[in-house]
Amino acid sequence: MATSTPAPNLTTREITKPTLLHLQHSSSQIILWLLEELQIDYDLRLFDRPEGPAPHELRETHPQGKSPQLLLPGGRVITQVSAITLYLLRTYDTSHRFHNPEVDDPVREEQLVCIGVSDIAGKMGMILLWHGITLKSPFFIRPLFNKTRKFLHELFLDYDLKATLDVFEMELGEDKWFLGREEPGRVDFILHYFVDMVIQAGYIKWKDGKTGKEQYPRLQAWMARCEEREGWKRSLEKGNGYDLDFPGRWSK
């Protein structure tokens, strides 16, 4: 159960339960979804996403000023989706519904998580940077930036994104979830966001543009399973926006 309010001056408020500092349209949705699946008592502080850097209030609790941040009673602040998911599962999933250290393969889990938070995030960061530069540049130099952007896509970005989704399709195999469990785990909670970022922004499509053939059918079915879950639906209701089509929003 979450208590949701706009973000106050966080340095003056005593934290009595886990508190998520949640930024609109961001990877913080991963943590909000996991909290809803765990059904623990937590507090939620919502921040709208500005055009530029993240809200300065986020620097009051951590020098990087990013989201998600999980504030704990006693003053500890945990950042980074991989660390926060690890903490929440090890602390609150006592029935081992979503993780089981004695059964799960921790090396495979970490490898898949790293592909999301390092490989996809890095490539998408470069893609969005060049897309933003092109859109915001003066009209007389925009063709040059656009040409550079397309060159980078052709050189390696499109290939790398496709290869990453190929890996996910292979790793998923015939299983419902990435670690072969009956319920989603840390890998599923994290990778959903990064796959969704690629799909929503239109850089990879479920159907091949030339042949019309379905691409990544296992991954597509897995995404549907994620989004059919009541915990996911509640996380969308309690958040303040989840639109990862950054180029589409910038073009409006």
Side-chain angles (χ1 to χ4, degrees), residues 21-30 32 46-59 62-69 79-82 113-169 190-216 219-220 223 227 236 239-252:
L21 307 190
H22 176 76
L23 182 65
Q24 183 185 37
H25 313 312
S26 79
S27 61
S28 182
Q29 194 71 35
I30 297 168
L32 186 52
L46 302 175
F47 294 83
D48 289 335
R49 189 178 196 119
E51 280 284 327
H56 67 86
E57 291 90 346
L58 291 171
R59 295 192 183 94
H62 194 271
Q64 287 184 303
K66 296 182 179 180
S67 173
Q69 294 181 33
T79 65
Q80 307 299 326
V81 293
S82 57
V113 166
C114 286
I115 291 174
V117 300
S118 298
D119 290 4
I120 292 186
K123 297 299 185 302
M124 285 300 294
M126 184 178 296
I127 287 171
L128 294 174
L129 174 65
W130 276 100
H131 201 112
I133 289 173
T134 302
L135 286 175
K136 303 294 184 181
S137 62
F139 73 92
F140 56 87
I141 201 173
R142 192 172 301 160
L144 175 60
F145 284 132
N146 196 40
K147 187 174 182 179
T148 303
R149 181 177 68 87
K150 290 181 178 179
F151 172 73
L152 292 172
H153 275 274
E154 293 172 359
L155 183 64
F156 70 95
L157 289 174
D158 287 346
Y159 174 83
D160 283 357
L161 283 179
K162 186 179 185 309
T164 300
L165 295 196
D166 286 340
V167 169
F168 291 160
E169 181 82 358
I190 291 175
L191 291 191
H192 173 272
Y193 171 83
F194 292 102
V195 173
D196 208 14
M197 179 189 291
V198 175
I199 298 300
Q200 282 200 39
Y203 292 115
I204 297 290
K205 299 186 183 299
W206 291 132
K207 286 189 177 182
D208 186 282
K210 295 181 180 179
T211 66
K213 183 180 178 181
E214 290 285 346
Q215 300 188 105
Y216 317 111
L219 201 57
Q220 188 174 357
M223 288 285 288
E227 293 168 9
L236 292 178
N240 54 341
Y242 178 71
D243 180 0
L244 305 184
D245 183 9
F246 295 101
R249 288 195 285 113
W250 291 342
S251 299
K252 292 178 181 177

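Quantities reported herein were computed from a predicted structural model and do not represent experimental measurements.
Considering only residues two or more places apart in sequence or on other chains, Ser28 meets the side chain to side chain donor-acceptor pair (under 3.5 Å) condition with His22. Scanning for salt bridge (charged side-chain N to carboxylate O under 4.0 Å, His left out) contacts around Lys162 gives Asp166, with sequence neighbours left out. Applying the side chain to side chain donor-acceptor pair (under 3.5 Å) criterion to Gln80, with sequence neighbours excluded, gives no partner residue. A search for salt bridge (charged side-chain N to carboxylate O under 4.0 Å, His left out) contacts involving Lys66 returns nothing, not counting sequence neighbours. The side-chain contact (heavy atoms from CB on, under 4.5 Å) check on Ile133 picks up Leu129, Phe145, with sequence neighbours excluded. With sequence neighbours excluded, no residue forms a side chain to side chain donor-acceptor pair (under 3.5 Å) with Gln64. Every side chain to side chain donor-acceptor pair (under 3.5 Å) that Asn146 has, sequence neighbours left out, goes to Arg149. Under the ring-ring contact (aromatic ring centres under 6.0 Å, His included) criterion, Tyr242 pairs with Trp232, sequence neighbours left out. The side-chain contact (heavy atoms from CB on, under 4.5 Å) search around Phe151 returns Leu155, not counting sequence neighbours. Taking the side-chain contact (heavy atoms from CB on, under 4.5 Å) definition, one finds that Pro63 meets it with nothing, sequence neighbours left out. By the side-chain contact (heavy atoms from CB on, under 4.5 Å) test, Ser27 is found to be paired with Ile30, Pro68, Val81, Tyr193, residues two or more places apart in sequence or in another chain being considered.
We find the CH2-CG distance between Trp130 and Leu152 to be 6.5 Å, quoted to the nearest 0.5 Å. Going from atom CE of Met197 over to atom CD1 of Ile127 covers 10.0 Å, rounded to the nearest 0.5 Å. For the atom pair CD of Gln200 and CZ of Phe246, the computed distance is 8.5 Å after rounding to the nearest 0.5 Å. Between atom OG of residue Ser67 and atom NE2 of residue His62 there is a gap of 12.0 Å, rounded to the nearest 0.5 Å. Atom CD1 of Ile190 sits about 6.0 Å away from atom OG of Ser82, to the nearest 0.5 Å. Note that CG of Asp160 and CG of Leu165 are 11.0 Å apart. Values are rounded to the nearest 0.5 Å.
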| field | side chain to side chain contact (heavy atoms under 4.5 Å, CB included) between Leu58 and Leu21, worked out | value | CA-CA 8 Å; Leu58 291 171; Leu21 307 190; 3.9 Å; yes

**Prompt:** So Trp206 and Gln220, side chain to side chain contact (heavy atoms under 4.5 Å, CB included) or not? Walk me through it.
**Reply:** CA-CA 7 Å; Trp206 291 132; Gln220 188 174 357; 3.7 Å; yes

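Between Ile120 and Val198, the closest side-chain pair of non-hydrogen atoms falls below 4.5 Å. Looking at heavy atoms from C-beta onward, Tyr216 lies out of side-chain contact with Met223 at the 4.5 angstrom threshold. Here the side chains of Phe194 and Leu244 are not in contact, with every heavy-atom distance at 4.5 Å or above.
Across every non-hydrogen atom of Ser137 and Ile141, the tightest pair is CB-CG2, 3.9 Å. Considering all non-hydrogen atoms of both residues, Lys123 and Leu161 come closest at CB-CD2, 4.2 Å. The heavy-atom pair separating Met126 from Leu157 by the smallest distance is SD-CD2, 4.1 Å. Residue Met124 comes nearest to Ala201 through the heavy atom pair CE-CB, 4.3 Å, listed as atom of the first residue, atom of the second, then distance. In terms of heavy-atom proximity, Asp48 sits nearest to Pro55 at O-CG, 3.6 Å.
Judged as a salt bridge (charged side-chain N to carboxylate O under 4.0 Å, His left out), not a single pair has a partner in residues 190-204 (not counting sequence neighbours).
Here the side chain of Asn240 pairs no donor or acceptor atom with the backbone of Leu23 at under 3.5 angstrom. Put simply, the side chain of His25 gets close to the backbone of Asp243: a donor and an acceptor are under 3.5 Å apart. One N or O on the side chain of Gln24 and one on the backbone of Arg49 form a donor-acceptor pair closer than 3.5 Å. Between the side chain of Glu169 and the backbone N or O of Leu219 there is at least one donor-acceptor pair closer than 3.5 Å.
Using modelled atom types and a 3.5 Å distance limit, the side chains of Glu227 and His192 yield a donor-acceptor pair.
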